[in-house]
Amino acid sequence: MDEALRIGTDTLVLENEESKEYSQKWMNLTMLQHNLKRNLETTKVTVGSDELRFSDVQNILNTMYKMPSTFESPCLAYFTQMDFWHGILAKIGRKSRPDFITLRDLYNEAAAKNGFAGATEEILHDYGAGTDIKSLVSSIWIDIFPLYKKLHSVVRFELGALFTEDLVNLQGAIPAHLLGSIHGDAWEHLFELLSPDDQYELIDDEGLFMNVEEMVQYVDNMFKDLGFPPMPQDFIKNSKFQKLDETDSCEAGAWDFKGGDVFRIHMCASHKRKDLRQMIFLFAQAHFYRAFSGLDILLQKSANPALFHTIPEVITMYASLHDKHAQLFNMTTTTEINFLMYMALKELPFLAFAKSLEEWRWKVFSGMYPESQFQTMWEDIVFENMGLMQPVERDVSDMDPLSKIHILLNLDYAKYFLSTPSLYEILASLCPPDTNGKCDLRKDAKRPGTILLSAMSKGNTMPWENVYQTLTGSTSISGQALRNYFKPLEDYLDKTIELHRLKVGWKRTKPARKKDILPCSAGSTSFNLQVFALLLLTLML
């Protein structure tokens, strides 16, 4: 009954028990959410004669290390990217800040009406009353942080070699705008700089000799090989795998229509490897929906919010390493280190960011910190957890986390943090003991499929720790399986650190200032900021 009576922010709808009118507070909350989403989507920063949205700047940063001009004039690239990065974050944060503070108070008020101390406690309630998620996140990060610091050290060294130590201090934190994404949470765009063996290239965008219909059939057969039952006949027929016209939405998702055996996938695939992996992930989520569909409707969800993401990732990760079509690289024993480097650049910074984002949210929603500290608190958290620094002095009216939709809509982000170490623990459990999770599941296909399906079919009928024990043999999550998985890469990082005598860790340093560096040194004279921006925009488009 407690679960049935939890209605989230809808508790604000009624002014009192007798009222039939919509609550003004609920209407305000809905309007504030709409306004903040619109700010994120439509706010623009002016660069030369161009106006760039958040998504434009994200794409530019993603492609930074594919641009010849970055390497021809790194000093100019540094400050140009800094202007993009700072401009969009400052405009979104300052514009959204007043509405968000009002919205935070409404989230907390709604949670209090639902019987919780605040909105944070209501979100974390989905993990069970007996689980201290904050402590669990911290203990997992203690396991992983030493590996992250080693990766950080080598990345900082390569960035220092490109941009010079005048711009990237090899003793300090990394300027946050140099990591290929606005939030510094996805470093895989730096892979070309960090690739241990540059003879073997990333083939993520490589085309497959299959059309979309053949890809769908291939993935369907892959799940059958893993021991999953066939999906209903209308599943493939009525799912959407391709973009029909220019007005079509391409937001990917798997759907449970709660009307019997009715499940759908929605995505816009081309014949690329990355689309095949996304298809595998969505198929897995559809199978997850189906596995618990026979339970009471209140129990039709994963045992905790992270598992609905974790188990599909297990299957997708296996395919990335062992499936000849879904691989990230043309895998051989000599390219494993490249694969591990790419995955580390993708996942370790994301874990650091996810921890930072939730840590900031938990503090802001607690009401224990003044509004004047919100931005500096974010900067301190990012420095401690991620080793990132602000490349330019920030204003107290900024609020960078408002560029994440999960903060605006008060959506759980801890599940993404927990999903990653869980993925490696489950893989280690499914594979032979001496493989550290690196095995071909299809060589023992029925056993892994049976184990995964059993956990999926339990839905929310028992504490997540019990379900997790059936998957891993443990009732808690640690970061040790992840460390074991990346052991060959960690050995490589140790050798690189020793060879170049690199510092591991970071201290506070002052950022480089334009007035001290510009005009840039030789090699920069053939470029100017506007030309550089236009080059980036051309590649982005």
Side-chain angles (χ1 to χ4, degrees), residues 36 39-40 43 45 54 57 61 79 81-105 107-108 118-120 134 137-138 141 145 148-149 152 156 167-169 171-179 181-185 349-408 410 413-414 417 505-515:
L36 289 168
N39 286 349
L40 182 55
T43 298
V45 59
F54 179 89
V57 175
L61 294 178
F79 289 109
Q81 304 290 30
M82 184 184 78
D83 289 341
F84 294 155
W85 177 88
H86 176 242
I88 197 66
L89 284 176
K91 289 195 76 170
I92 290 173
R94 294 171 192 178
K95 188 175 181 180
S96 300
R97 181 188 178 100
D99 282 351
F100 171 75
I101 292 171
T102 302
L103 185 60
R104 176 205 60 174
D105 295 339
Y107 284 140
N108 278 334
T120 295
K134 296 178 182 180
V137 167
S138 294
W141 187 238
F145 194 40
Y148 175 83
K149 288 195 293 184
H152 177 281
R156 179 178 58 195
L167 299 176
V168 180
N169 188 315
Q171 304 293 312
I174 300 173
H177 67 295
L178 296 181
L179 294 162
S181 67
I182 289 179
H183 301 116
D185 59 341
F350 176 80
L351 287 172
F353 174 77
K355 180 180 185 294
S356 300
L357 192 70
E358 286 293 41
E359 189 176 330
W360 181 86
R361 190 220 308 256
W362 294 335
K363 288 182 177 181
V364 166
F365 274 73
S366 73
M368 297 173 61
Y369 299 86
E371 298 169 13
S372 60
Q373 293 182 12
F374 286 175
Q375 175 63 20
T376 54
M377 187 164 63
W378 171 249
E379 294 170 19
D380 290 341
I381 290 171
V382 164
F383 175 83
E384 294 296 333
N385 290 335
M386 302 183 72
L388 303 187
M389 65 182 290
Q390 305 298 305
V392 63
E393 187 175 347
R394 307 301 300 277
D395 192 272
V396 293
S397 63
D398 291 345
M399 200 184 292
D400 290 356
L402 301 191
S403 60
K404 282 297 288 185
I405 192 69
H406 299 77
I407 296 296
L408 306 182
N410 200 32
Y413 212 71
F417 179 94
W506 47 85
K507 65 180 182 180
R508 292 192 180 275
T509 58
K510 292 184 178 180
R513 298 185 301 175
K514 279 186 180 182
K515 67 179 184 178

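Residue numbers count from 1 along this sequence.
Residues Phe353 and Val382 are not in side-chain contact: their nearest non-hydrogen atoms beyond the backbone lie 4.5 Å or more apart.
Scanning both residues, Lys514 and Asp83, for their nearest heavy atoms gives NZ-OD2, 2.8 Å. Residue Pro511 comes nearest to Pro391 through the heavy atom pair CB-O, 3.4 Å, listed as atom of the first residue, atom of the second, then distance. Taking every heavy atom of both residues into account, Asn39 and Ser96 meet most closely at ND2-OG, 3.2 Å. Scanning all heavy atoms of the two residues, the minimum distance from Gly184 to Pro349 falls at O-CB, 4.0 Å.
Residue Tyr107 holds its OH atom at 12.5 Å from CZ of Arg104, rounded to the nearest 0.5 Å. Distance check, rounded to the nearest 0.5 Å: CZ of Phe100 to CG of Leu408 gives 7.5 Å. Summarising the geometry, atom NZ belonging to Lys91 is positioned 7.0 Å from atom OG1 belonging to Thr43; distances are rounded to the nearest 0.5 Å. In this structure, Thr509 OG1 and Met389 CE are separated by 4.0 Å, a value rounded to the nearest 0.5 Å. Note: Lys510 NZ to Glu393 CD = 10.0 Å, rounded to the nearest 0.5 Å. Atom CG of Leu36 and atom OG1 of Thr102 lie 9.5 Å apart (nearest 0.5 Å).
For Trp362, there are no ring-ring contact (aromatic ring centres under 6.0 Å, His included) partners two or more places apart in sequence or in a different chain. With sequence neighbours excluded, the residues satisfying side chain to side chain donor-acceptor pair (under 3.5 Å) with Ser356 are Asn385. Residues satisfying the side chain to side chain donor-acceptor pair (under 3.5 Å) criterion with His183, sequence neighbours excluded, are Ser403. Considering only residues two or more places apart in sequence or on other chains, Lys404 meets the side chain to side chain donor-acceptor pair (under 3.5 Å) condition with Tyr413. In this structure, the side chain to side chain donor-acceptor pair (under 3.5 Å) partners of Arg361, at least two apart in sequence or on a different chain, are Glu358, Asn410.
Ring planes of Phe145 and Trp506: perpendicular class, angle over 60° (limits at 30 and 60°).
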Distance-only donor-acceptor hits, side chain of residues 395-402, under 3.5 Å, sequence neighbours excluded:
unit_1: Asp395; atom_1: OD1; unit_2: Ser397; atom_2: N; d: 2.8
unit_1: Asp395; atom_1: OD1; unit_2: Ser397; atom_2: OG; d: 2.6
unit_1: Asp398; atom_1: OD1; unit_2: Arg94; atom_2: NE; d: 2.5
unit_1: Asp398; atom_1: OD1; unit_2: Arg94; atom_2: NH2; d: 3.1
unit_1: Asp398; atom_1: OD2; unit_2: Arg394; atom_2: NE; d: 3.0
unit_1: Asp398; atom_1: OD2; unit_2: Arg394; atom_2: NH2; d: 3.2
unit_1: Asp398; atom_1: OD2; unit_2: Asp395; atom_2: N; d: 3.2
unit_1: Asp400; atom_1: OD1; unit_2: Arg394; atom_2: NH2; d: 2.7
unit_1: Asp400; atom_1: OD2; unit_2: Gln375; atom_2: NE2; d: 3.4
unit_1: Asp400; atom_1: OD2; unit_2: Arg394; atom_2: NH1; d: 2.8

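Without hydrogens or angle criteria, Asp185 side chain to Ala354 main chain gives no donor-acceptor distance under 3.5 Å. Side-chain atoms of Trp360 come within 3.5 Å of backbone N or O of Phe374 as a donor-acceptor pair. A distance-only check finds a donor-acceptor pair linking the side chain of His152 to the backbone of Gly387 [under 3.5 Å].
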Decide yes or no on side-chain contact (heavy atoms from CB on, under 4.5 Å) for Val45 and Phe84, but give the supporting numbers first.
-> CA-CA 7 Å; Val45 59; Phe84 294 155; 5.7 Å; no
Residues Tyr148, Met386; criterion side-chain contact (heavy atoms from CB on, under 4.5 Å); working and verdict | CA-CA 8 Å; Tyr148 175 83; Met386 302 183 72; 3.6 Å; yes
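A salt bridge does not link Asp380 with Lys363: every distance from a Lys NZ or Arg NE/NH1/NH2 to an Asp or Glu carboxylate oxygen is 4.0 Å or more.
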